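What follows is a short report on a single structure.
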Amino acid sequence: MTNDTIQSLLLSFEDNYHLPLLQEVNKTYITATPESLLNAVRHTEQAITALEHLQTSVARLVERDGSTITAEEAWRVANDLEELSCSLQYITAELAELAIDIAEKYAASEIE
């Protein structure tokens with residue numbers, strides 16, 4: 001039961017935060033506007049906050065009395081959470097690079 005609940009939480013995070021964030025990042029690459037960048041940054045901040053809450057919830061579920069999660073399942077969940085965390089870190093770095101590119105593009109257009 002505990003593992004099913006955790007898997008549902010992970011899938012919910014993917015559907016509600018991670019996948020929409022990836023779409024926003026793609027949109028930012030395509031449009032390369034300050035507005036799209038700010039929108040992607042907002043989505044990133046929301047995803048980071050949601051991931052922090054998810055990690056706390058998962059920890060509580062695993063540590064709760066009556067938890068039925070096995071050591072292998074706990075390891076898999078920890079790995080999934082680590083992958084999501086790494087993805088958000090990568091996205092943050094990508095957006096920082098993209099911000100520089102957009103700033104340079106707009107600075108160059110101001111000079112012309």
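What you see is a predicted model; the values in this text were computed from it and never measured.
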Exercise. Say you draw a straight line from CG of L10 to CG of D15; how long is it, rounded to the nearest 0.5 Å?
Worked result: 11.0 Å

Exercise. Taking it one step at a time, do T33 and S36 satisfy side-chain hydrogen bond (donor to acceptor under 3.5 Å, both in side chains)?
Worked result: CA-CA 5 Å; T33 64; S36 64; 3.0 Å; yes

Exercise. At what distance, to the nearest 0.5 angstrom, does CG of L95 lie from CG of L21?
Worked result: 7.0 Å

For this session: Identify the two heavy atoms, one from S57 and one from L9, that lie closest to each other, and give their separation to 0.1 Å.
Result: CB-CD1, 4.4 Å

For this session: Decide, yes or no, whether a salt bridge links E24 with K27 under the criterion of side-chain N to carboxylate O below 4.0 Å.
Result: yes

Problem set entry | Exam field: side chain N16 to backbone S12, donor-acceptor pair closer than 3.5 Å | yes

Exercise. Quick one: does T28's side chain have a donor or acceptor within less than 3.5 Å of a partner on A40's backbone?
Worked result: no

Problem set entry | Backbone of L61 reached by a side-chain donor or acceptor of T2 within 3.5 Å | no

For this session: Can you measure from CG (L51) to CD (Q46) and round to the nearest 0.5 angstrom?
Result: 13.5 Å

Problem set entry | Whether over 12 other heavy atoms sit under 6.0 Å from Y29 OH | yes

Exercise. Do S85 side-chain atoms and L81 backbone N/O form a donor-acceptor pair below 3.5 Å?
Worked result: no

Exercise. Would you say the side-chain atoms of T92 pair up with the backbone N or O of L88, donor to acceptor, closer than 3.5 Å?
Worked result: yes

For this session: In sequence, state the C-alpha distance, the side-chain angles, and the governing distance for E73 and I6, and then conclude on side chain to side chain contact (heavy atoms under 4.5 Å, CB included).
Result: CA-CA 10 Å; E73 290 168 339; I6 291 170; over 6 Å; no

Exercise. Around atom OH of Y17, are there more than 12 heavy atoms of other residues, nucleotides or ligands at under 6.0 Å?
Worked result: no

For this session: Test side chain to side chain contact (heavy atoms under 4.5 Å, CB included) on N39 and R42 and set out the steps.
Result: CA-CA 5 Å; N39 200 29; R42 273 190 226 101; 3.7 Å; yes

Problem set entry | Sole residue of V41, T44, I48 in side chain to side chain contact (heavy atoms under 4.5 Å, CB included) with I91 | T44

For this session: Mind running side chain to side chain contact (heavy atoms under 4.5 Å, CB included) on D101 and K105 for me, showing each step along the way?
Result: CA-CA 6 Å; D101 293 344; K105 173 183 140 185; over 6 Å; no

Exercise. In Å and rounded to the nearest 0.5 Å, what is the CD to CG distance from E14 to L84?
Worked result: 5.0 Å

For this session: Ignoring hydrogens and angles, tell me if any N or O in the side chain of S109 forms a donor-acceptor pair with the backbone of Y106 under 3.5 Å.
Result: yes

Exercise. Does the E97 side chain pair with the main chain of E94, one donor and one acceptor, at a distance under 3.5 Å?
Worked result: no

Exercise. Got more than 12 heavy atoms from elsewhere within 6.0 Å of CD, E72?
Worked result: no

Exercise. Can you hop from V25 to L19 via hydrophobic side chains spaced under 4.5 Å?
Worked result: yes

Exercise. Atom NE2 of H53 and atom CZ of F13: how far apart are they, to the nearest 0.5 Å?
Worked result: 11.0 Å

